[in-house]
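I have placed the structure first, in the form of structure tokens, so that the comments after it can refer back to it.
No hydrogens, no waters, no symmetry mates; every other heavy atom, side chains included, goes into these values.
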Amino acid sequence: MHKKKIIKTMGDISETLTPSFARAAMEMNVPKYEMPESEMLPETAYYLVHDELMLDGNARLNLATFVGTWMEPEADRLMAETLAKNLADKDEYPQTAEIEGRCVNMIARLWNSPDDEEAVGTSTIGSSEAAMLGGMALLKRWRQRREAEGKAAGRPNMVMGINVQVCWEKFCVYWDVEPRFVPMEEGRYHLGAEEAAGLCDENTIAVLAIMGSTFDGSYEPVQEIGAALDRLQEEKGLDIPIHVDGASGGFIAPFLQPELEWDFRVPRVQSINASGHKYGLVYPGVGWIIWRTKEALPEELVFKVNYLGGQMPTFSLNFSRPGSQVVAQYYNFLRLGKEGYRRIHQASQNVALYLSGKLAQYEQLELMTDGSDIPVFAFRMTEAAKKSTNYTVFDMSERLRDRGWQVPAYTFPKNCDHVAALRIVVKEGFNRDLADMLLSDFQRHMEWFKAHPEHKPRKSGHSFRH
Ligand SMILES: *Cc1c(COP(=O)(O)O)cnc(C)c1O
């Protein structure tokens, strides 16, 4: 009965003269779990959805995410103009396909792809899809090599730090690869070179090295891992490739640490992924993967489709994908150039170093990293403060929400699960002035806890580490 009434009035054309917020749908129960029977005015639907989304966090105060939350208005406009383009229709949208190819070339050079080797690569929906593609190529190559040698190829493994992003755990489960995790130790919060080499055997498809651990923003020592694997090859004859997960660092290191050799300059590095939508400075929906050579990407994995006219090679998990993110990536490359990227990331790093330096001055806190790799740092309570205060990092994370700051608190994995930390990701759009406001809120909350001795510290939280 009630339902019928909504159905009738929501689509009533006579409503066009009614003021926006006096329309029937604004006063009634909007159906949420069953599609409405009839139409409503576009403007009414717009406000209903728009207003509901006001309850989401403010993206610019989201210091938890690595993902782009700001782009220039010109980029917004280009994206709006290209929303209807399907990246999969390479024959219909040849210029979008051409632009994707240009981006692949620019990124391969940025990562020092050797001139005498022909790199190949593709855009993806993000680093997670890129990880699946990179992992699949490594798995296939290992299998082909084992079969050619007449050896068993049934029990592949991949060696990685326990700090991997969840996409690598997914890769291992989806493709039946045994993940060999190197645990952390107090003072080493990511993969160590010797520890990685120590877990390798003839069934190891690759060692994964992360440029920008999500736990603390630190770089893993790619060059040292390469050297440890060189020694392993000399001693045991095992030739193990490296894949670099540069989800965030892939677009930081080339600009802020150009001397650091983590990319194709390290001969064992076969493939690298990065998220265009993290420090590539695009909104969510674009990642990249580059292989060192054509041989690094077994051709069995590349499909040639002709449904759309023309023969187009594709290597991806999905087919249709928005073209606008790739267009926006190209816009940034043209607009900013290397110098523009360097200046934006340097500004972020300066803010990260400033903020971590200020927080380190509190005797209750200690830094785990300071933001000098990627502009991301993690910090925790000192052992003494854990005993003498009535709050934890989880309390702090929760209270910072009172003005909209989103700063995640989380525990570390094996063998550091006694560590609970807060993490701050600084990126384009977060400036020194905002950092000072965050600091003063931090101070205010510390004073609040002091003034409320009855407060019971929280032992865990509900915030989320990306
Ligand atoms: C963010 C991240 C991923 C996942 O990337 P998406 O682009 O979000 O799919 C993988 N690895 C690392 C190190 C990351 O930081």
Side-chain angles (χ1 to χ4, degrees), residues 1-65 67-90 92-93 95-96 99 123-126 129 276-277 281-287 307-308 318-332 335 401-406 427-430 434 462 464 466:
M1 193 55 216
H2 187 53
K3 259 192 199 162
K4 279 260 155 47
K5 198 167 158 203
I6 306 173
I7 291 161
K8 221 166 134 233
T9 50
M10 274 203 308
D12 192 335
I13 301 298
S14 69
E15 281 214 314
T16 41
L17 278 182
T18 310
S20 300
F21 286 90
R23 288 180 186 152
M26 292 294 182
E27 285 199 86
M28 287 177 178
N29 191 12
V30 176
K32 292 196 175 60
Y33 305 106
E34 187 178 349
M35 202 185 286
E37 294 297 332
S38 66
E39 310 90 326
M40 65 174 80
L41 289 169
E43 195 195 28
T44 309
Y46 171 82
Y47 279 118
L48 282 172
V49 179
H50 173 269
D51 291 359
E52 175 162 6
L53 292 175
M54 293 191 302
L55 291 174
D56 273 347
N58 178 340
R60 295 283 299 283
L61 298 180
N62 184 352
L63 303 180
T65 187
V67 173
T69 49
W70 186 84
M71 288 192 79
E72 289 177 326
E74 289 77 5
D76 289 357
R77 206 160 81 219
L78 265 177
M79 288 184 80
E81 287 165 12
T82 50
L83 283 176
K85 295 199 191 200
N86 186 353
L87 198 62
D89 294 352
K90 293 189 198 290
E92 279 71 6
Y93 305 122
Q95 285 321 112
T96 305
I99 281 174
S123 72
T124 59
I125 197 76
E129 189 194 6
H277 56 220
L281 304 176
V282 180
Y283 296 128
V286 65
Y307 327 120
L308 304 163
N318 41 0
F319 188 65
S320 299
R321 207 146 55 71
S324 44
Q325 273 79 1
V326 169
V327 169
Q329 183 78 78
Y330 185 59
Y331 166 83
N332 272 351
R335 151 79 176 111
R401 282 256 182 171
D402 77 340
R403 293 230 291 164
W405 300 114
Q406 296 166 60
K427 54 190 179 291
E428 189 180 24
F430 188 71
L434 285 167
H462 48 67
F464 179 70
H466 295 260

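Without hydrogens or angle criteria, His277 side chain to Gly285 main chain gives a donor-acceptor distance under 3.5 Å. For Asn58 (side chain) and Gly404 (main-chain N/O), no donor-acceptor pair under 3.5 Å exists by modelled atom type. Between the Asn62 side chain and the Thr65 main chain, a donor and an acceptor come within less than 3.5 Å of each other.
Leu78 contributes atom CG, which lies 11.5 Å from atom OH of Tyr330 (distance to the nearest 0.5 angstrom). A distance of 15.5 Å separates OH in Tyr46 from CG in Leu41, rounded to the nearest 0.5 Å. The structure places CG of Asn86 at 10.0 Å from OG1 of Thr96, a figure rounded to the nearest 0.5 Å. Rounding to the nearest 0.5 angstrom, the gap separating the OH atom in Tyr283 from the OG1 atom in Thr69 is 8.5 Å. Taken to the nearest 0.5 Å, the CG atom of Leu281 stands 11.0 Å off from the NZ atom of Lys427. Between the CG atom in Leu87 and the OG atom in Ser324 there is a gap of 9.5 Å [rounded to 0.5 Å].
For the pair Arg403 and Leu61, the minimum side-chain heavy-atom distance is 4.5 Å or more. Residues Gln329 and Ser123 have side chains not in contact (no heavy-atom distance under 4.5 Å, counting atoms from C-beta outward). With a 4.5 Å cut-off on side-chain heavy atoms, Val327 and Lys85 do not count as touching.
Gln406 approaches Gly57 most closely through the heavy-atom pair NE2-CA, 3.6 Å. Heavy atoms only, all atoms of each residue included: Arg23 and Thr44 are closest at NH1-OG1, 3.0 Å. Pairing each heavy atom of Gly429 with each of Leu434, the nearest pair is O-CD1, 3.8 Å. Of all non-hydrogen atoms in Pro31 and Glu34, the two that sit nearest each other are CB-O, 3.5 Å. The two residues Pro284 and Gln325 have their closest heavy-atom pair at O-NE2, 2.9 Å. Among all heavy-atom pairs drawn from Ala328 and Met71, the shortest one is CB-CE, 3.9 Å.
Considering only residues two or more places apart in sequence or on other chains, Gln95 meets the side-chain contact (heavy atoms from CB on, under 4.5 Å) condition with Glu98, Arg102. Every residue meeting the side-chain contact (heavy atoms from CB on, under 4.5 Å) condition with Glu72, not counting sequence neighbours, appears here in chain and number order: Trp70, Glu74, Tyr331, Arg335. Residues passing the salt bridge (charged side-chain N to carboxylate O under 4.0 Å, His left out) test with Asp402, sequence neighbours excluded: Arg444.
In this pair, Tyr47 and His50 present their aromatic rings perpendicular. The plane angle is above 60°, beyond the 30 to 60° band.
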